[in-house]
Amino acid sequence: MPAIYEPSAAAETSLDGPAVGVIVVAAGSGTRLGAGIPKAFVSLAGSTVLEHALAPVFRLREPVQLVLVVPADRVGEAETIGRRAAGRASDHLRVVVGGGTRQESVLNGLAALWPGVRTVLVHDAARALTPTAQFERVIEAAARTGWGVVPALPVTDTIKQVDASAVVERTIDRAELRAVQTPQAFPRDALVAAFRVAADRLATATDDAALYADAGHPVVTVEGSEAAFKITTPWDAQRAERLLTEPAAAAAEAGAGDADTGSTTTSQRGRIRTGIGIDVHAFAEEGELRLAGLSWPGERALAGHSDGDAVAHAIVDALLSAAGLGDIGSMFGNDDPRFAGARGSVFLEAAVERLRAAGYEVVNVAVQLVGNRPRFAPRRLEAESALGALVGGPVSIAATTTDALGFTGRGEGVTAVATALIERR
């Protein structure tokens, strides 16, 4: 029985859906990469290979169950990476220990799928730059045909067949050849049966589709992507890192067409962007305190043209700053009567809408709240949940005081500093 990490009881109650499961195999040693650690846990452009591999899964239109298959000594690290990538969808995650072979690792992943999963995708974490569109193509083809589905690219090199002495025997017609990639999709029950047959025969194969086809099941190909190459050697890792840090090159590699490198439009300014926002409000003599998206009965209100929610306002500025879309003042002027007394949620929803219109999604937001009042810790999780729902991504809030220094230390008001990380879709 494979060891399974189950992050929440919610996973056990989600048996009716989703119907698609994605097994990400990250149990290999990666010796050819020469990093001294499993390749899925090697850093590329500031994040691990595994984290890059999970990003396109959580951009899928429909929910899936995600199973990570990792070495036994990496379960804790994989849990942290997986939960960070999943964010609010972490109840869709399981982490299992891999086996001695790829087949054993995939079988362990299959054993961890929820009963409601009917179609399973098997994906190599080493293909970390695989576009979300490739996942979507594979899922659609599997649903339409009921067959095994593999993404593939035409072979462009001339292929020679040689004998044991490396003497060329013939040239093979490459028109009928394809180089296959992952994720590969299969009807779950048929894949499990194919693996059992292979185990009984002690059969091995270089990919899951080969075992599936050997069991007598049809396999169809769909268009692959040059970006879905496998990170195996140090050269591959360098190539991947450059693609992650050079958006124009990445767009061309993924098949998005030639990028206009001379343009300064938002689409060419980078896939990952950060922003910062700061807001300060003094306490008022009367009114209701609104802070971090919550009402605080019995606490002094914050003064402002709107509700004075310094946390919400700082997040708005951080989001707009990250996307290069101005600031809260340029969107909602203090002299505009429509926003008199408006709650922070109004500004947050409008900022997120503008962010998405520009092609970005929120990855996460972090806020530091400075002030003596209100006592924040008892409602931290409530506030993080409320704000996370508004921005569409995880929000973390820390609170501190200034040991009686400055205007916050004297109890005259609060300061909020927010940072936002956004990603281009």
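Scope of the values below: all heavy atoms of this structure, side chains included, with no hydrogens, waters or symmetry mates.
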Chemist: When you measure from the side chain of Gln103 to the backbone of Phe195, do you find a donor-acceptor pair of N or O atoms at a distance under 3.5 Å?
Modeler: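 Checking the backbone N and O of Phe195 against the side chain of Gln103, no donor-acceptor pair under 3.5 Å is found.
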Chemist: Between the side chain of Asp163 and the main-chain N/O of Ser165, is any donor-acceptor distance below 3.5 Å?
Modeler: yes
Chemist: Using side-chain contact (heavy atoms from CB on, under 4.5 Å), reason through Tyr360 and Leu319 one step at a time and then give a plain yes or no.
Modeler: CA-CA 10 Å; Tyr360 290 98; Leu319 294 173; over 6 Å; no
Chemist: Look only at the side chain of Arg273 and the backbone of Ile422, and say whether a donor-acceptor pair between them is shorter than 3.5 Å.
Modeler: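 Such a contact is absent between Arg273 side chain and Ile422 backbone.
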Chemist: What is the minimum heavy-atom distance between Pro63 and Pro18, and which atoms define it?
Modeler: O-CB, 3.1 Å
Chemist: Tell me if a side-chain donor or acceptor on Arg174 pairs with a main-chain N or O of Thr156 at a distance below 3.5 Å.
Modeler: yes
Chemist: Please name the pair of heavy atoms, one in Gly82 and one in Leu68, separated by the smallest distance, quoted to 0.1 Å.
Modeler: CA-CD1, 4.2 Å
Chemist: Roughly how far, to the nearest 0.5 Å, is the CG atom of Leu121 from the CG atom of Leu66?
Modeler: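 Answer for the CG-CG pair, Leu66 versus Leu121, is 11.0 Å.
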Chemist: Looking at Ser225 and Ala227, would you say the former's side chain and the latter's main chain have a donor-acceptor pair under 3.5 Å?
Modeler: yes
Chemist: To the nearest 0.5 angstrom, please state how far the CZ atom of Arg196 sits from the CG atom of Leu211.
Modeler: 14.0 Å
Chemist: Minimum heavy-atom separation for Thr415 to Ile278, with atom names?
Modeler: CG2-CG2, 4.4 Å
Chemist: Does Asp307 reach the side chain of His313, with side-chain heavy atoms less than 4.5 Å apart?
Modeler: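 Side chain of Asp307 against side chain of His313, heavy atoms only: contact under 4.5 Å found.
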Chemist: Side-chain contact test, heavy atoms from C-beta onward, threshold under 4.5 Å: evaluate it for Leu60 versus Ile139 and give yes or no.
Modeler: yes
Chemist: How about Ser295 and Glu288: does a side-chain donor come under 3.5 Å of a side-chain acceptor?
Modeler: yes
Chemist: Between Glu361 and Arg59 (salt bridge meaning N to carboxylate O under 4.0 Å), is one present in this structure?
Modeler: no
Chemist: Between Leu387 and Val365, is there a side-chain heavy-atom distance shorter than 4.5 Å?
Modeler: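 Side chain of Val365 against side chain of Leu387, heavy atoms only: no contact under 4.5 Å found.
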Chemist: Scan Val417, Asp327, Ile276 and name whichever one has a side-chain contact (heavy atoms from CB on, under 4.5 Å) with Asp317.
Modeler: Asp327
Chemist: Would one find more than 12 heavy atoms of other residues, nucleotides or ligands at under 6.0 Å from atom CD of Gln161?
Modeler: yes
Chemist: For the residue pair Ile231 and Ala128, what are the closest heavy atoms and their distance?
Modeler: CD1-CB, 4.1 Å
Chemist: Name the one of Glu226, His123, Gln134 that satisfies side chain to side chain donor-acceptor pair (under 3.5 Å) with Gln181?
Modeler: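 The single option meeting the side chain to side chain donor-acceptor pair (under 3.5 Å) with Gln181 is Gln134.
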Chemist: Closest approach of Ala386 and Leu294, non-hydrogen atoms and distance?
Modeler: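 Answer, listing the atom of Ala386 first, then Leu294: CB-CD2, 4.2 Å.
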Chemist: Mind checking whether Phe186 and His217 have ring centres under 6.0 Å apart?
Modeler: no
Chemist: Could you tell me whether Asp207 and Arg102 make a salt bridge, using a distance below 4.0 angstrom between a side-chain N and a carboxylate O?
Modeler: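 The answer is no: the pair does not qualify as a salt bridge.
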Chemist: Whether Arg144 and Glu140 form a salt bridge (side-chain N of Lys/Arg under 4.0 Å from carboxylate O of Asp/Glu) is what I want to check.
Modeler: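 Looking at Arg144 together with Glu140, the answer is yes, because their closest N to O distance falls below 4.0 Å.
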Chemist: Hey, could you give me the CD/CD distance between Glu349 and Glu353, rounded to the nearest 0.5 Å?
Modeler: 9.0 Å
Chemist: For the residue pair Ala322 and Gly275, what are the closest heavy atoms and their distance?
Modeler: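 The answer is CB-N, 3.5 Å.
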Chemist: Any donor-acceptor pair under 3.5 Å linking the side chain of Arg188 with the backbone of Val117?
Modeler: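 The answer is yes, because a donor-acceptor pair under 3.5 Å joins these two groups.
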Chemist: Would you give the length of the straight line joining atom CG of Leu129 to atom CZ of Arg239, rounded to the nearest 0.5 angstrom?
Modeler: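 Between Leu129 CG and Arg239 CZ, I get 9.0 Å after rounding to 0.5 Å.
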Chemist: Contact between Arg290 and Leu302 at the side-chain level, heavy atoms closer than 4.5 Å - yes or no?
Modeler: no
Chemist: Checking the side chain of Asp279 only, and the main-chain atoms of Ala416 only, is there a donor and an acceptor separated by less than 3.5 Å?
Modeler: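 Flag not set: sc Asp279 to bb Ala416 has no pair under 3.5 Å.
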Chemist: Go through the steps for Leu390 and Val352 under the test side-chain contact (heavy atoms from CB on, under 4.5 Å), then give the verdict.
Modeler: CA-CA 8 Å; Leu390 288 169; Val352 170; over 6 Å; no
Chemist: Between Ile37 and Arg74, does a side-chain contact (heavy atoms from CB on, under 4.5 Å) hold up when you go through it step by step?
Modeler: CA-CA 10 Å; Ile37 60 174; Arg74 296 282 173 169; 3.4 Å; yes
Chemist: Within the distance-only criterion (no hydrogens, no angle test), does the side chain of Thr171 pair as donor or acceptor with the backbone N or O of Lys160 below 3.5 angstrom?
Modeler: no
Chemist: Keeping Glu299 on the side-chain end and Leu289 on the backbone end, is there a donor-acceptor pair under 3.5 Å?
Modeler: no
Chemist: What's the spacing between Phe58 CZ and Leu54 CG if we round to 0.5 Å?
Modeler: 6.0 Å
Chemist: Are Thr232 and Lys230 side-chain neighbours, meaning at least one heavy-atom pair lies under 4.5 Å?
Modeler: yes
Chemist: What's the separation between atom CG in Leu421 and atom CD1 in Ile272, rounded to the nearest 0.5 Å?
Modeler: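 Leu421 atom CG to Ile272 atom CD1 measures 5.5 Å (nearest 0.5 Å).
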Chemist: Please determine whether the number of non-hydrogen atoms from other residues, nucleotides or ligands lying under 6.0 Å from atom CD of Glu169 exceeds 12.
Modeler: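 Counting neighbours around CD of Glu169, more than 12 heavy atoms of other residues, nucleotides or ligands fall under 6.0 Å, so yes.
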Chemist: Please tell me if the side chains of Arg379 and Trp296 come closer than 4.5 Å, counting only heavy atoms from C-beta onward.
Modeler: yes
Chemist: Do Arg94 and Trp114 come close enough that some side-chain heavy atom pair is under 4.5 Å?
Modeler: yes
Chemist: Give the C-alpha distance, both sets of side-chain angles, the deciding distance and a yes or no for side-chain contact (heavy atoms from CB on, under 4.5 Å) between Phe347 and Ile315.
Modeler: CA-CA 10 Å; Phe347 306 132; Ile315 293 174; over 6 Å; no
Chemist: Is there a side-chain contact between Asn364 and Arg84, using heavy atoms and a 4.5 Å cut-off?
Modeler: no
Chemist: Verify whether one side chain among Thr233 and Asp236 offers a donor that lies under 3.5 Å from an acceptor in the other.
Modeler: yes
Chemist: Do Thr145 side-chain atoms and Ala141 backbone N/O form a donor-acceptor pair below 3.5 Å?
Modeler: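 A pair under 3.5 Å: yes.
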